[in-house]
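Computed from a prediction, not measured in an experiment: that's the story for all the values here. For this chain, numbers begin at 1 and follow the sequence in order.
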Amino acid sequence: MPVKVTNHDDGTVKTDALELFLYLNDLAGKHGVGRIDIVENRFVGIKSRGVYETPGGQILREAHMDLEGLCIDREVLRLKEGHQLEFSRLCYNGFWFAPEMELTMAAIDWTQKHVTGGVELSLYKGNVTVLGRESPFSLYSADLASMDIEGGGSAFDYDPMDAQGFIRINGVRLKAYNALQRTFQK
């Protein structure tokens, strides 16, 4: 849930949910953000054209997705993306009150328990660009990502030698697949 917007250019601050959204709609609309023109697949099997505008929603979506990338584990995020597609399909087809929607929403809600923080964005000519982000639940560690830290007994110690075994194990199935492909090509 968005709780605060601060415009660093003019000092505007919005904390009320409705005011925040209306302010972002106005600001993003001036920058051409948040408009799509698509061809959709209707539930009944026909295609239709849809033009949608939600400038404030686009800004909030970009910020939220960036926070998810910072705060959600890789595999949980991968699973959440599948649930997200199912959620969209269920909404679009009118199944808001279906039991499968309850399941899907519960799964997505679980993934969001640590998604909180701040995201700095820039708007320019239809684009929303992330400039930075922070969260008390960030899974990112500059030290760990550099892969330069060794020793010290930390649970996050990274030993570059571990990668050799990992690469070999993952390479086994690829070698087998490619050997089989060569056999069929002869």
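In plain terms, the two heavy atoms of Pro136 and Gly117 that are nearest each other are CD-CA, 4.5 Å. Closest of all the heavy-atom pairs between Ser135 and Cys71 is OG-SG, 3.2 Å.
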Point to revise | Trace of the side-chain contact (heavy atoms from CB on, under 4.5 Å) decision for Arg49 with Asp37 | key: CA-CA 7 Å; Arg49 179 175 179 227; Asp37 183 335; 2.4 Å; yes
Practice item. Please report the C-alpha distance between Thr15 and Val13 in whole Å, then the side-chain angles of each, then the deciding distance to 0.1 Å, and finally whether the side-chain contact (heavy atoms from CB on, under 4.5 Å) criterion is met. Key: CA-CA 7 Å; Thr15 56; Val13 175; 4.3 Å; yes
Practice item. I would like to know whether Phe137 and Val115 meet side-chain contact (heavy atoms from CB on, under 4.5 Å); could you show each step before the answer? Key: CA-CA 7 Å; Phe137 297 105; Val115 179; over 6 Å; no
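No more than 12 heavy atoms of other residues, nucleotides or ligands lie within 6.0 Å of CD in Glu134, so this atom counts as exposed by the packing criterion.
Under 4.0 Å is where a charged nitrogen must lie from a carboxylate oxygen, and between Glu81 and Arg78 no such pair does.
The structure places CG of Leu18 at 10.5 Å from NZ of Lys14, a figure rounded to the nearest 0.5 Å. In this structure, CE on Met65 lies 13.5 Å from CG on Leu70, to the nearest 0.5 angstrom. Taking NE2 of His114 as the start and CG of Leu67 as the end, the distance is 13.5 Å to the nearest 0.5 Å. Taken to the nearest 0.5 Å, the CG atom of Leu180 stands 10.0 Å off from the CZ atom of Arg182. How far CG of Leu60 is from OG1 of Thr54: 8.0 Å, rounded to the nearest 0.5 Å.
Here the side chain of Thr6 pairs no donor or acceptor atom with the backbone of His8 at under 3.5 angstrom. Proximity of a side-chain donor or acceptor of Thr111 to a complementary backbone N or O of Ile108 within less than 3.5 Å is detected.
Looking at Val33 and Asn127, their side chains never come closer than 4.5 Å, going by heavy atoms from C-beta outward.
Residue Ile59 is tested with Val5, Asn25, Leu24 for a side chain to side chain contact (heavy atoms under 4.5 Å, CB included); the sole match is Leu24.
In this view, Asp9 satisfies the side chain to side chain donor-acceptor pair (under 3.5 Å) rule with no residue, not counting sequence neighbours. A search for ring-ring contact (aromatic ring centres under 6.0 Å, His included) contacts involving His83 returns nothing, not counting sequence neighbours. By the salt bridge (Lys or Arg N to Asp or Glu O under 4.0 Å) test, Lys47 pairs with no residue at all, sequence neighbours left out. Residues meeting the salt bridge (Lys or Arg N to Asp or Glu O under 4.0 Å) test with Glu68, sequence neighbours left out: Lys80. For Arg35, the salt bridge (Lys or Arg N to Asp or Glu O under 4.0 Å) partners are Glu53, not counting sequence neighbours. Under the side chain to side chain donor-acceptor pair (under 3.5 Å) criterion, Gln181 pairs with no residue at all, not counting sequence neighbours. Residues satisfying the salt bridge (Lys or Arg N to Asp or Glu O under 4.0 Å) criterion with Asp10, sequence neighbours excluded, are absent altogether. With sequence neighbours left out, Val130 forms a side-chain contact (heavy atoms from CB on, under 4.5 Å) with Asp66, Val119, Leu121, Arg133. Not counting sequence neighbours, the partners of Ile46 by the side-chain contact (heavy atoms from CB on, under 4.5 Å) test are Arg42, Val44.
For residues 21-67, the ring-ring contact (aromatic ring centres under 6.0 Å, His included) pairs, not counting sequence neighbours, are Phe43-Phe95. Residue pairs that meet the side-chain hydrogen bond (donor to acceptor under 3.5 Å, both in side chains) test with at least one member in residues 163-179, sequence neighbours left out, do not exist here.
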Only pairs under 3.5 Å count here: list side-chain donor-acceptor contacts from residues 86-94, not counting sequence neighbours, and write none if there are none.
unit_1	atom_1	unit_2	atom_2	d
Glu86	OE1	Arg89	NE	3.1
Glu86	OE2	Arg89	NH2	2.7
Ser88	OG	Gln84	O	3.1
Tyr92	OH	Glu40	OE1	3.1
Asn93	ND2	Arg89	O	3.3

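Cluster annotation: Met105 and Ile72 are assigned to distinct hydrophobic clusters (Ile/Leu/Val/Met/Phe/Trp/Tyr, side-chain heavy-atom contacts under 4.5 Å, transitive).
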